[in-house]
2 protein chains.
Amino acid sequence: MNQVPEPLYLDDLHVGQRFTSGTYQMEVEKMKAFAAEFDPQPFHLDEMAAESSVFQSLAASGWHTAAVAMRLLVTSGLRIANGLVGLGGELSWPRPTRPGDILRVECEILDIRLSRSKPNQGIVTIRSTVLNQNNEVAQIFTARILVFKRPE
Amino acid sequence: MNQVPEPLYLDDLHVGQRFTSGTYQMEVEKMKAFAAEFDPQPFHLDEMAAESSVFQSLAASGWHTAAVAMRLLVTSGLRIANGLVGLGGELSWPRPTRPGDILRVECEILDIRLSRSKPNQGIVTIRSTVLNQNNEVAQIFTARILVFKRPE
């Protein structure tokens, strides 16, 4: 049983704070289904075609890895009051995700800034690193997220 | 009938070159299905809950917008020889995508660098802007993509 953590406000966050998500296993059929809908390229759809590609074997779409990372954060990693709302950030995929990979997300808060125009809000910079079961990095997203102060 | 363009090699690209994709209409049921699988937050799942959220009405997950942008590029926007392979980049979501929005992607090549270690490859920086039917910007992804030289 997972305990559901209390939602976090800006007041609860500090630079250097870390969070770790649960895990998610990449299933080959889901990889292919995601690719068929959103990234229909042979190396995401077909094992044989992937072997002669730059990926050398079947690889998930990077956007699938990104979407799974969001699921992990929302459901288990980072419970932000009023929701986890990203404004954008720097994204990289150092290596592809493969069938059967077991992914988790490790986060660290890098920066916290209060909004000048909206005194009840802040922008938090958080680095989310997606790791597989061998602790290899599949994705890094250094994101700016919107976080509210605790209502007085 | 769309003509399928010839795949592009590094030799075919230049800074300032532009590409435009076809269009894709965001359907409310697909927005909710994507969110249920990857970004299960009330403002992506339920109209009533969204009204009292920071989004004020139902909004697609930013990762859904990103995935649709990839689909548009792969299927109609940018045909790169050996596939469209992103290494990463800077992503931002200036405004959310709404039910019924008709999205397209406009791309511009910003930079081209030859690989030092792999003489048959280069890294191309390309800005992909997702626009809706009112020409409002829903997403900007300034990405580094891997592009091969034409085989000799």
Side-chain angles (χ1 to χ4, degrees), chain A residues 24 30 33-45 49-50 52-55 59 61-76 79-96 118 120-121 137 139-148, chain B residues 24 30 33-45 49-50 52-55 59 61-76 79-96 118 120-121 138-148:
Chain A
Y24 182 100
K30 287 194 175 179
F34 186 99
E37 187 167 0
F38 297 116
D39 193 350
Q41 304 196 80
F43 38 65
H44 298 321
L45 291 166
S52 58
S53 78
V54 67
F55 292 110
S61 170
W63 301 109
H64 192 189
T65 303
V68 165
M70 188 66 185
R71 178 192 170 89
L72 284 168
L73 288 179
V74 165
T75 60
S76 67
R79 184 145 180 248
I80 299 291
N82 304 322
L84 186 56
V85 177
L87 305 175
E90 173 71 25
L91 182 64
S92 69
W93 294 293
R95 87 187 55 232
K118 295 175 181 169
N120 68 328
Q121 298 181 17
V137 175
Q139 179 183 289
I140 302 170
F141 186 42
T142 303
R144 299 177 301 281
I145 67 170
L146 178 64
V147 183
F148 289 86
Chain B
Y24 182 100
K30 288 195 174 178
F34 187 100
E37 186 167 1
F38 296 117
D39 193 349
Q41 303 196 80
F43 40 64
H44 298 321
L45 291 166
S52 58
S53 78
V54 67
F55 291 111
S61 170
W63 300 108
H64 192 188
T65 302
V68 164
M70 188 67 184
R71 178 193 169 88
L72 284 168
L73 288 178
V74 165
T75 60
S76 68
R79 185 146 179 247
I80 299 291
N82 304 324
L84 186 56
V85 176
L87 305 175
E90 173 70 27
L91 182 63
S92 70
W93 294 292
R95 87 186 55 232
K118 295 174 180 169
N120 69 327
Q121 298 181 17
Q139 178 182 289
I140 302 170
F141 186 42
T142 303
R144 299 178 301 282
I145 66 171
L146 179 65
V147 183
F148 289 84

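Lettering of chains follows the sequences in order, A, B, ..., and the numbering in each one begins at 1.
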Next item on the list: Select, from Leu72(B), Ile140(B), Leu73(B), Leu84(B), the one with the greatest count of heavy-atom pairs under 4.5 Å involving chain A.
Entry: Leu84(B)

Note to self: Looking at chain A, which one of Tyr24(B), Trp93(B), Phe55(B) has the largest number of heavy-atom pairs inside 4.5 Å, strictly under?
What the structure shows: Trp93(B)

What part of [X] is in contact with chain A, defined as an atom under 4.5 angstrom from a non-hydrogen atom: side chain, backbone, both or neither?
X: Ala49(B); result: neither
X: Gln139(B); result: neither
X: Leu87(B); result: backbone

Check: Is there side-chain contact between Val54(B) and Leu146(A), with at least one heavy-atom pair below 4.5 Å?
Finding: yes

Next item on the list: Flag the pair Met70(A) / Gln41(B) as yes when at least one side-chain heavy-atom distance between them is below 4.5 Å, and no otherwise.
Entry: yes

Next item on the list: Please state whether the rings of Phe141(B) and Trp63(A) are parallel, tilted or perpendicular, taking 30° and 60° as the class boundaries.
Entry: perpendicular

Note to self: Please give me the minimum heavy-atom distance between Phe43(A) and Val85(B), naming the atom from each residue.
What the structure shows: CZ-CG2, 3.7 Å

Next item on the list: Would you give the length of the straight line joining atom OG1 of Thr75(B) to atom CZ of Phe38(A), rounded to the nearest 0.5 angstrom?
Entry: 12.0 Å

Next item on the list: Can you measure from CD (Glu37(A)) to CZ (Phe34(B)) and round to the nearest 0.5 angstrom?
Entry: 8.5 Å

Check: In terms of heavy-atom pairs under 4.5 Å, which option from Gly89(A), Ser92(A), Gly83(A) contacts chain B the most?
Finding: Gly89(A)

